[in-house]
Amino acid sequence: MVARLALALGLGAAAGHARAAESTAIAMHGAPALSADFARMPYANPDAPKGGRMVWGILGTFDSLNPLIVRGLAVQQIRGFVLESLLTRGNDEPFTLYGLLARTVETDDARSYVTFRLDPRARFADGKPVIAEDVLFSWALLRDHGRPNHRQYYAKVTKAEAPDPLTVRFDLTGANDRELPLILGLMPVLPKHAVNPESFEETTLTGPVGSGPYRVTAVKPGASVTLTRNPDYWGRDLPANRGLYNFDEIRLDFYRESNGLFEAFKRGLFDFRVETEPLRWHDGYDFPAARNGKVIRDTIKTGMPQPSEFLVFNTRKPVFADVRVRKALTLLFDFEWINRNYFFGLYGRNGGFFAGSELSAYGRAADDRERTLLTLAKARIDPDMLDGRYRLPISDGSGRDRTTLRAALALLLDAGYDLDGTVLRNRTTKTPLSFEILVTTRDQERIALAYQRDLKRAGIEATVRAVDPVQFDQRRLGYEFDMIQNRWDQSLSPGNEQSFYFGSQAADVPGTRNYMGVKDPAIDSLIAALLEARERPAFVSAVRALDRTLMSGFYAIPVLNAAEQWIARWNRIERPSTTALSGYLPETWWQKADPQSK
């Protein structure tokens, strides 16, 4: 317990004098929920039978098995199933990591260093031991050749060394980033003997050598990848893994088109799907297997910020440079009409980026601590936004709301646009206000077309362009769009990834998720504040200040947020009765033993 308290954040002055000690876990704020002698994760079934096969249907395609580089469209499931990290997440907590490749972790109260001691049993799939040299190799490789987030995070390390073959120490002096020890704990570890740094950034369809529970055993380019459970997996008896990775084989099947994906599920060609279309969830499961119970529908409530969809302004484009224009375009989005006509009222709408959680600033007044943090941005934040009185516009649901139209036109007039007949033009250049909305799914297209109708009433010409998922991803990653629909999945412990989403340095780096292109020193300072926070209350205030500043910039139009996860599965797949705080976890599922269900 002393060791865990020494690692915990936000425990006051007493913790500041605690001796740094080794622990089997580390939490971002507070102490880990599980003791050092825990037997299993609370959301896993340790008695789950091993065996069988799960087929996973995925929308899109792939041309690479390396998810750690920018180039190519990678198979993301390689992470976790094939490649392991030093520590693993506890999915019932905001941000706590438990031992995996590293048996213990050590840091001080200032988080000025972190030391990992490897489990001597850890082995790569080729039988070679995982040693400190592999960890240092992986750190340097990803710092120099990895994805932008890895390069950004790992470059903060001042010095890295291996005091002995099973120990790695990272000096973090000057980083001022209390999350960095956890970020390094999640670093994927690659075998130095099996990776060529010279070709690492090239796409490849050769399965990587990892230390995880599965190996890549078959690849059909662009179509499928088969993962086979390693019978000699070194970590199968670790407490963090009990009840996980139960299938002997996992096949990932890729589909280019969403309707084809659903039809394949109805035919039983793959085992489960995460439903994202309310229309389909509402009345699309009226097929024989769903009616007779062979297909089960699960509605899961999580404890996380609700997934929220946004129409994102690419502020790199001159048409969206003025915040008054962005605010006016937000007013013109008729959520009430869309939710009633397309989504059966199943969605809600929140103005911020952390919907439905204590981290959300929407509808909350800023307290004194938050107002202090907002010093740089306060002049740009409307009083109603600061006082918590700001609300998204609520239309009459007719699709022809005059009140919001008048308010939007007033803002556009102030921004230098006038109506010329039925066309809104720039007062100086006479250029029409027009832009393109890039979409790739049926729901995105329906939303964009409804919004196009609303914009036309204001004299704005929006073009809706539908492209396939591959082209959409390529254009999104290269910021080659005016407006796209996107969501940022947030956690209860946002951290370094916020720089990747909203930081100034990420704005001009292809492959980040700063799709709006925001460059704001105030936002950068708030991200730094949430990373430096030691106590949960200070952390919450910093995140709310970030949320409030993002809302005030009108960088994206809130479209909808979902309070539940919708999962459909064939009854040959079973899942634990307890769901993790984070929601569904396929790695905890298993195949039903009854052959009559097949």
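Both backbone and side-chain heavy atoms feed into the values below; hydrogens, waters and symmetry mates do not. Nothing fancy with the numbering, it's 1 onward along the sequence. This is a predicted model, so every value here is computed, not measured.
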Any side-chain donor-acceptor pair under 3.5 Å between [X] and [Y]?
X: S64; Y: N66; answer: no
X: H193; Y: D126; answer: yes
X: T299; Y: E564; answer: no
X: Q498; Y: Q490; answer: yes
X: Y98; Y: S23; answer: no
X: E106; Y: Y113; answer: yes
X: K50; Y: N246; answer: yes
X: N496; Y: N149; answer: no
X: N259; Y: R280; answer: yes

Does this structure show an ion pair linking [X] with [Y], if we count only N-O contacts that are shorter than 4.0 Å?
X: R569; Y: D298; answer: yes
X: R111; Y: D109; answer: no
X: R117; Y: E22; answer: yes

Inset, instruction - Quick one: do W488 and F353 satisfy ring pair (Phe, Tyr, Trp, His ring centres under 6.0 Å)? Show the steps, please. - result: CA-CA 8 Å; W488 290 268; F353 291 78; 5.7 Å; yes
Just jot down the salt bridge (charged side-chain N to carboxylate O under 4.0 Å, His left out) partners of [X], sequence neighbours excluded, or say none.
X: K128; value: none
X: E257; value: none
X: R143; value: none
X: E480; value: none

Legend entry - Partner set under side-chain contact (heavy atoms from CB on, under 4.5 Å) for D171, not counting sequence neighbours: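 Here the qualifying residues are T158, K159, R169, T173.
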Inset, instruction - Taking the side chain as every heavy atom from C-beta outward, state whether P586 and M54 have any atom pair closer than 4.5 Å. - result: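 Side chain of P586 against side chain of M54, heavy atoms only: contact under 4.5 Å found.
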Inset, instruction - State whether the number of non-hydrogen atoms from other residues, nucleotides or ligands found under 6.0 Å of Q505 atom CD is greater than 12. - result: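 It does not: Q505 CD has 12 such atoms or fewer within range.
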Inset, instruction - First locate atom CG of D144, then atom CZ of R151, and finally report the distance between them rounded to the nearest 0.5 Å. - result: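 With rounding to 0.5 Å, CG (D144) is 7.5 Å from CZ (R151).
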Inset, instruction - Mind checking the CZ-CG spacing from F116 to L100? Nearest 0.5 Å is all I need. - result: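 Answer rounded to 0.5 Å: 12.0 Å.
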Legend entry - Pairs involving residues 196-234, ordered by first then second residue, that meet ring pair (Phe, Tyr, Trp, His ring centres under 6.0 Å) (sequence neighbours left out):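 Pairs touching residues 196-234 that pass the test: F81-Y214.
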